[in-house]
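Comments concern the structure below.
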Amino acid sequence: MQEIPSKYDPSQVEDKWYQYWMKHKLFRSVPDNREPYCIVIPPPNVTGVLHMGHMLNNTIQDVLIRRARMKGKNACWVPGTDHASIATEAKVVQKLAAEGINKFDIGREKFLEHAWEWTHKHGGIILEQLKKLGASCDWERNCFTMDPPRYESVIKVFVDLYNRNLIYRGVRMVNWDPKAKTALSDEEVVYTEVNSKLYYVKYFLENSHDYIVVATTRPETILGDTAVCVNPNDERYQHLKGKNVIVPMVNRVVPVIFDEYVDPSFGTGALKITPAHDLADYELGLKHNLPVIDILNNDGTLNEKAQLFVGEDRFVARELSHKKLEELGLLVKVEDYTNKVGLSERTHVPIEPRLSLQWFLKMKELARPALENVLNGNIKLYPSKFVNTYRHWMENVKDWCISRQLWWGHRIPAYYLADGSFVVAENEYQALEKARQKTGNPHLTLSDLRQDEDVLDTWFSSWLWPISVFDGIRYPENPEIKYYYPTNDLVTAPDILFFWVARMIIAGYAFTGEKPFRNVYLTGLIRDKQRRKMSKSLGNSPEPLDLIAKYSADGVRVGLLLCSPAGNDILFDESLTEQGRNFGNKIWNAFRLVRSWKIDEHIEQPAYTQLAVEWFDELLNKTMAEIDEHFENFRISDALMTLYKLFWDEFSSWYLEIIKPAYQQPIDRNTYQKTVEYFEILLKLLHPFMPFITEELWQLMDKRQEGQSIMIEQLPQPRIAKTKIIEDFEIVKEAITQVRAIRKEKNIGTKEPIKIYIKSANNTYNPSLGVILAKMTLADKIELTETKISNAFSFMVRAAEFFVETEQKIDLEEERQKILDELNYTRGFLESVMKKLSNERFVANAPAQVVELEHKKRKDAEAKILALEARLKELQ
RNA sequence: GGGCGAUUAGCUCAGUUGGUUCAGAGCACCUGCCUUACAAGCAGGGGGUCGCAGGUUCGACUCCUGCAUCGCCCACCA
């Protein structure tokens, strides 16, 4: 037999098997009569590159998919990418800028050509990276949010919602990103605390030397002030009723208004009102009929309505205003102040509340079924703590601003006529039809229509994802969507719970009347050991492909999963992937051991291996049931750890060590076959976590036919395990450990003969396991005894007393002390048990099982005390 | 400002409707071993008054109240 190296080398193995799986189309799923199991991938940005978050996320999905496949389901993992409107456009704009090109100079068409070129060049890189990880997606189903079926679906949905009177166009205060020059949704604004200043400014009363002091954080917006507001109950300002004040710097005369909105205790109790640049001010302005003076351009510079500092950036204007106010003697003081500023989630610049004409989706009605079905458990969130967050958002959901002043995306299917009125239609021909009807003018032509320049929010396409990947918007009767939908599990990060998950649920009920998925598994955020978020700018994120090269894909997968309880942040450290790699090596070497054995058909199966086989069989079934349970609760980490211990501790350290024949001795056929059988089951259980090494070993283990693969093997259904043998083994394992400890502590070499005698009360020790005890402790003799053994080290395992007799003389005093300690402990223990058992309320109220257990403990403790007392006497 | 969640071994976390004098696991750590599967390993070992203070109970890591610290989400106080 060919020698194989003692270190597993994944470098040759992983690509080989991935190609094999692809070649035999093992990831492919088409509807059949099996039960479907479907996951749609959270589509990564088409031009993005894989980061650690993707690695975790997709590893979990792959584990779930592979396991479902091996559980007899028709598993389908649909991959795809997102056009990521604003992010991609920003990248293309930047690239063009580097070439000295401005997007407005080249125009929409030309710009989109560049964007597609960029997409084709960088798109798909991330999917190739996923393949390195082992992702078993059905690549034939790969979708893109802007490919024709998806594009058309988005447009169809827009028209549908418009016809249902849920989409409207209107002038509203929106979050404006002056860098990207587009409106944003509320969810795209991130509030951050910043150190700023509070400026106290004098506003003189008209025709008076009297003034009122107003506090503001944004002195540049004074240029757009159209009122000053105070609380009507504020006694300080009663004399201002009906008065006007003069706006500093621009000397505009504006009224003093009264509204309870103002908090008299803040600042000076007087608020300047700039309806164009603050949401609250806007609303007060509406209420009090104030004019709106918009002093900003769409890039955040001041326009001519500001009168001063025209063309300057808003932050420059702030400084200039500060100086100017000082010069004019209108600045009373400046205080340090911390407040929250909304930043654009994408460009990270402070957003500007701005009045603009946008498209909105009414959310309240749509949100209702989405909320209900999460609250009633029809859709489950893991961990469930997110239900609260979800509910809070849903209950307070506001209309969604869905238009973006960008070009890369789905263009809004609204078509304007010369008079400014518009029609909404799926394409320009339909639009023309409608326009003709609407105007009653049959001579209208396409050139009379002008399509809306804006595109839709990226999330307005991804919210359809679980439906649109099966083309279920355009073809609701499509057999594909009938079969796969609702999908099963969604795996994503909690930071897009509102952006994406909530909206997908809304879309699911709005367009199919059904939930889009049954379970949502929210992973944690990956952080470094200092709890910092992993990010490019911090440079604390390892390059995923480098990690894979260093530790193998299997190793990285295991490393990530070992520390990923649902919803908790993951403090990533390379040592974890190292642990994963080491585990792979352990499996590899266990295989080498088993493979090295030679079968001798003539030898009988020895008793000790018969027992080991019997034991492991039960343990395997018991553990498989545990793993099933972990999976049901999305405790992937626990499932893996359970398996890890099963393989490493139970199978390798116990089972294999017990059955291992002496050096170069043969093994009997039965034991060998059983061992191979267990090994194969373990490989299958491990496969979803470590697809590559398990395939490699499974293929090495036996001659397989071309196209056969462990990934399409079925996992056995665990049966109810008999626990008696497992318990008996636990006693013996503990005894073995104790004997080894004595050997080590007393410096008793492995060659030195020892004899073990056992006094077993309450049938604690199963004497048939003596052969195993003997083999694992290298004892020459194992014997049940009733007589006293004075010169022996002793210990107890529950009610069984073990004596280790060696050629050494024991230290009587030391032994006595040991026994005395244990005796005291056990007496105390018994006392606590008795206390419980003699408590009527305990016996009456505690479950029968608990009481029963107490009785058993009492019996064992009593036996143990008797044994210890006897032993103490023996040692006198 | 409102809400939610957390606080258990050096680190990261379990601890299942209150029931052991077991408070666990993995990693890290300490000791001894290159024992022909594996030093990416083997064997053995130490380590926590379960954030603090009360309360309920026969019994509290587990339930209640208050406090402290941290995290997350939401919110137009200039």
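Given the structure is predicted, the values throughout are model-derived calculations rather than measurements. Below, chain A is the first sequence line, B the second, and so on; all start at residue 1.
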C1' spacing across the pair B/U8 / B/G51, given as an integer number of angstrom: 10 Å
B/U12 to B/A53 separation - P atoms, rounded to the nearest Å: 23 Å
Sorted by number, the residues of residues 731-743 of chain A with heavy-atom contact under 4.0 Å to RNA chain B: A/Thr737, A/Arg740, A/Ala741
Side-chain (A/Thr268) to main-chain (A/Val213) donor-acceptor, under 3.5 angstrom: yes
Sugar-phosphate, base or nothing in reach of A/Lys272, heavy atoms under 4.0 Å: nothing
Between B/U56 and B/A43 - P atom distance, rounded Å: 50 Å
Sugar-phosphate, base or nothing in reach of A/Asn388, heavy atoms under 4.0 Å: sugar-phosphate
Distance below 4.0 Å between A/Lys586 side-chain N/O and B/C42 OP1 or OP2: yes
B/C42 phosphate, OP1 or OP2, under 4.0 Å from A/Trp648 side-chain N/O: yes
Short side-chain N/O contact from A/Ser832 to OP1 or OP2 of B/U20, under 4.0 Å: no
Phosphate OP1/OP2 of B/A78: any A/Tyr337 side-chain N/O under 4.0 Å: yes
Donor-acceptor pair under 3.5 Å, A/Tyr261 side chain vs B/C77 base: no
Contact state string [nucleotides 26-35 of chain B, B base, S sugar-phosphate only, - no protein heavy atom under 4.0 Å]: SS---B----
Short side-chain N/O contact to B/G41 OP1/OP2 from A/Asn582, under 4.0 Å: yes
Lys/Arg N to Asp/Glu carboxylate O, A/Arg858 vs A/Glu831, below 4.0 Å: no
Check ion pair A/Glu574-A/Lys550 (N to O, under 4.0 angstrom): yes
Atom C1', compared across B/C52 and B/G10: separation rounded to whole Å: 22 Å
Approximate separation, where rounding is to 0.5 Å, of A/Phe266 CZ and A/Leu198 CG: 5.0 Å
Whole-Å C1' distance, B/A23 and B/A60: 13 Å
Minimum-distance nucleotide to A/Glu657 side chain [options: B/A40, B/C38, B/U36]: B/C38
Consecutive-pair stems (at least three Watson-Crick or G-U pairs, under 3.5 Å) that include RNA chain B: B:1-7 with B:68-74, B:10-13 with B:24-27, B:29-33 with B:41-45, B:51-55 with B:63-67
N-O pairing of A/Asp225 and A/Lys272 below 4.0 Å: yes
Phosphate-side-chain proximity, A/Lys660 and B/A37, N/O vs OP1/OP2 below 4.0 Å: yes
Side chains of A/Lys856 and A/Asn762 in contact at under 4.5 Å (non-hydrogen atoms): no
Closest-nucleotide ordering on RNA chain B, the 5'-leading residue of A/Asn589 and A/Asn824: A/Asn824
side-chain contact (heavy atoms from CB on, under 4.5 Å) evaluation trace for A/Tyr261 with A/Lys287: CA-CA 11 Å; A/Tyr261 168 80; A/Lys287 195 167 157 190; over 6 Å; no
Interatomic distance at P, B/U49 relative to B/G59, whole Å: 24 Å
Sugar-phosphate, base or nothing in reach of A/Glu852, heavy atoms under 4.0 Å: nothing
Sugar-phosphate, base or nothing in reach of A/Val262, heavy atoms under 4.0 Å: base
Rounded C1' spacing from B/A9 to B/A14 in Å: 13 Å
Sugar-phosphate only, base, or nothing, as touched by A/Leu571 at under 4.0 Å among non-hydrogen atoms: sugar-phosphate
